[in-house]
There are 2 protein chains.
Amino acid sequence: MGPMARQRAFDRDEALDRALRAFWRHGYEATSIAELTAVMDIRPPSLYAAFGDKRRLFEEALRRYQESYGAFTARALAEEPTARKAIERILYEAADEYTDPGHPHGCMIISAAVNCGPESSEVEEGLRLKREAAKAAIRERIERDVTAGLLPPSADAAALAAYYAAVIQGMSTQARDGASRDELERTAALAMRSWPATTPPHP
Amino acid sequence: MGPMARQRAFDRDEALDRALRAFWRHGYEATSIAELTAVMDIRPPSLYAAFGDKRRLFEEALRRYQESYGAFTARALAEEPTARKAIERILYEAADEYTDPGHPHGCMIISAAVNCGPESSEVEEGLRLKREAAKAAIRERIERDVTAGLLPPSADAAALAAYYAAVIQGMSTQARDGASRDELERTAALAMRSWPATTPPHP
DNA sequence: TTTTTCCTGTAGCGATCACTAAAGAAAGGG
DNA sequence: CCCTTTCTTTAGTGATCGCTACAGGAAAAA
């Protein structure tokens with residue numbers, strides 16, 4: 001065995017969580033290394049040794065976001081017995097999660113890379129792909145219910161998925177603008193009124 | 001008469017329109033003076049002499065946006081005979097306008113100041129107030145129809161306004177992510193299914 | 001203690017940020 | 001012609017950007 005070296009003096013998990021919240025609130029480009037080192041309470045060399053560079057720190061923070069704060073959509077799609085119940089649950093959990101006073105409002109994947117210069121267009125594109133993937137997951141869940149006969153064949157799964165994706169993205173913007181949980185729950189209730197009849201029109 | 005001076009060598013209106021499109025696409029902070037002078041085809045001193053500074057140039061571009069590309073919402077609310085027709089028209093015109101290949105996609109007021117550092121929080125707040133004003137205008141238009149008896153007293157004007165504001169904001173995000181006009185029109189159609197019955201339930 | 005190894009803080013790298021001083025150039029009045 | 005005015009261009013300003021060289025300190029094996 002070779003000699004042991006000095007150990008890290010800060011909590012990597014807590015530092016990552018603080019970076020996550022900074023990126024969540026202000027976005028990728030607008031969060032400077034200076035602000036990151038301030039909220040993480042470390043100096044730049046420690047940040048670069050532990051996380052690589054700003055891009056990799058953001059990507060790791062984003063992965064953690066998806067596994068924690070942003071995991072409720074995948075959970076609902078996997079656990080609920082019908083597409084309708086899954087989407088209803090997503091909307092109401094979004095109303096709760098997006099307005100939680102314990103962390104920044106809205107969805108990080110929707111709002112963390114909207115205003116980007118040419119140097120971070122890859123970050124922008126990465127988040128766009130995640131939004132597309134979320135919309136595709138909703139569409140596939142609806143298609144399953146159409147195939148199973150729970151929804152009429154006339155139900156347009158792609159259109160419904162695009163519609164509910166838009167509602168969710170709008171709820172995120174509203175939450176960032178200060179909307180309350182109750183207001184978002186009323187939006188969720190109105191959005192569910194667009195759901196197609198579960199019984200297909202008989203011939 | 002005093003002596004006459006040298007005249008401006010560039011078209012101020014066209015330069016403003018090009019700055020507008022740059023801000024529209026990349027947002028306030030992510031659009032640098034270097035990029036602005038490049039697309040406007042002028043040098044920094046000409047920009048500062050004609051428009052003041054970056055903040056004032058953005059505000060003037062935003063005013064022009066509201067008077068041109070973004071004027072369709074106010075027009076619909078003022079011209080249509082009912083709140084329902086006004087909102088339906090807004091949604092379908094948004095589907096068209098947000099995906100117009102002749103200019104950046106989405107809505108500038110929704111997306112131009114999402115990721116802001118502490119130095120441009122006033123720009124962020126200014127756009128937030130414009131979004132709140134748009135939502136309030138929708139709410140007041142619905143309230144007018146409730147008072148006129150076109151909608152049942154049970155219709156929650158504030159909730160409906162928040163819901164349609166969220167749908168519009170979601171459509172803007174979808175358009176920026178590459179959604180087609182047809183896709184947004186299907187979202188508009190689905191959103192209109194949440195409209196309350198025009199005839200109040202009789203006792 | 002000595003040695004080895006890696007973390008930590010200071011201090012600063014080149015590049016880019018928004019912005020501007022200074023001087024040349026264009027236009028019409030005298 | 002010259003004069004005045006204001007545009008234009010060149011060439012920068014100090015500040016901040018993401019990032020890092022370097023030296024010193026901490027921890028454990030020898």
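Convention: sequence-line order gives letters A, B, ...; per-chain numbering from 1. The figures that follow rest on heavy atoms only: side chains count, while hydrogens, waters and symmetry mates do not.
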- Item | All side chain to side chain donor-acceptor pair (under 3.5 Å) counterparts of B:Q66, not counting sequence neighbours | B:K130
- Item | salt bridge (Lys or Arg N to Asp or Glu O under 4.0 Å) partners of A:D182, counting only residues at least two apart | none
- Query: Quick one: is A:S46 getting a side-chain N or O under 4.0 Å of the C:dT8 phosphate, OP1 or OP2?
  - Reply: yes
- Can you pull the salt bridge (charged side-chain N to carboxylate O under 4.0 Å, His left out) pairs that have at least one residue in residues 98-124 of chain A, sequence neighbours excluded? A:R55-A:E122
- Remember a base hit wins even if backbone is also touched, and classify A:R8 as base, sugar-phosphate or nothing at under 4.0 Å, heavy atoms. sugar-phosphate
- Task: Pick base, sugar-phosphate or nothing for B:A9, based on heavy-atom distances below 4.0 Å to the nucleic acid.
- Result: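 Counting heavy atoms under 4.0 Å across all strands, the contact made by B:A9 is with sugar-phosphate only.
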Below 3.5 Å is the cut-off: list the nitrogen or oxygen pairs between protein and nucleotides 11-18 of chain C, distance only.
from: C:dA18; atom 1: OP1; to: B:K54; atom 2: NZ; distance (Å): 2.8
from: C:dA18; atom 1: OP2; to: B:I33; atom 2: N; distance (Å): 2.7

- Among C:dT8, C:dA25, C:dC6, find the nucleotide with the atom closest to the side chain of A:A5.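 Between C:dT8, C:dA25, C:dC6, the one nearest the side chain of A:A5 would be C:dC6.
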Between [atom2] of [N] and [atom1] of [X], the distance in whole Å:
X: A:R6; N: C:dC7; atom1: CZ; atom2: C1'; result: 5 Å
X: A:H26; N: D:dC17; atom1: NE2; atom2: P; result: 13 Å
X: B:F51; N: D:dC7; atom1: CZ; atom2: C1'; result: 14 Å

The criterion is side chain to side chain contact (heavy atoms under 4.5 Å, CB included); which residues satisfy it with [X], sequence neighbours excluded?
X: B:S46; value: B:F10, B:I42
X: A:D11; value: A:D13, A:E14
X: B:E143; value: B:R139, B:E140, B:A157
X: B:A19; value: B:L36, B:M40, B:L57

- May I ask you to check if B:K135 and B:Y164 form a cation-pi contact, with NZ or CZ under 6.0 angstrom from the six-membered ring centre and within 45° of the axis? no
- Note on the structure: Residues in residues 12-24 of chain B with a heavy atom under 4.0 Å of DNA chain D, by number, are none
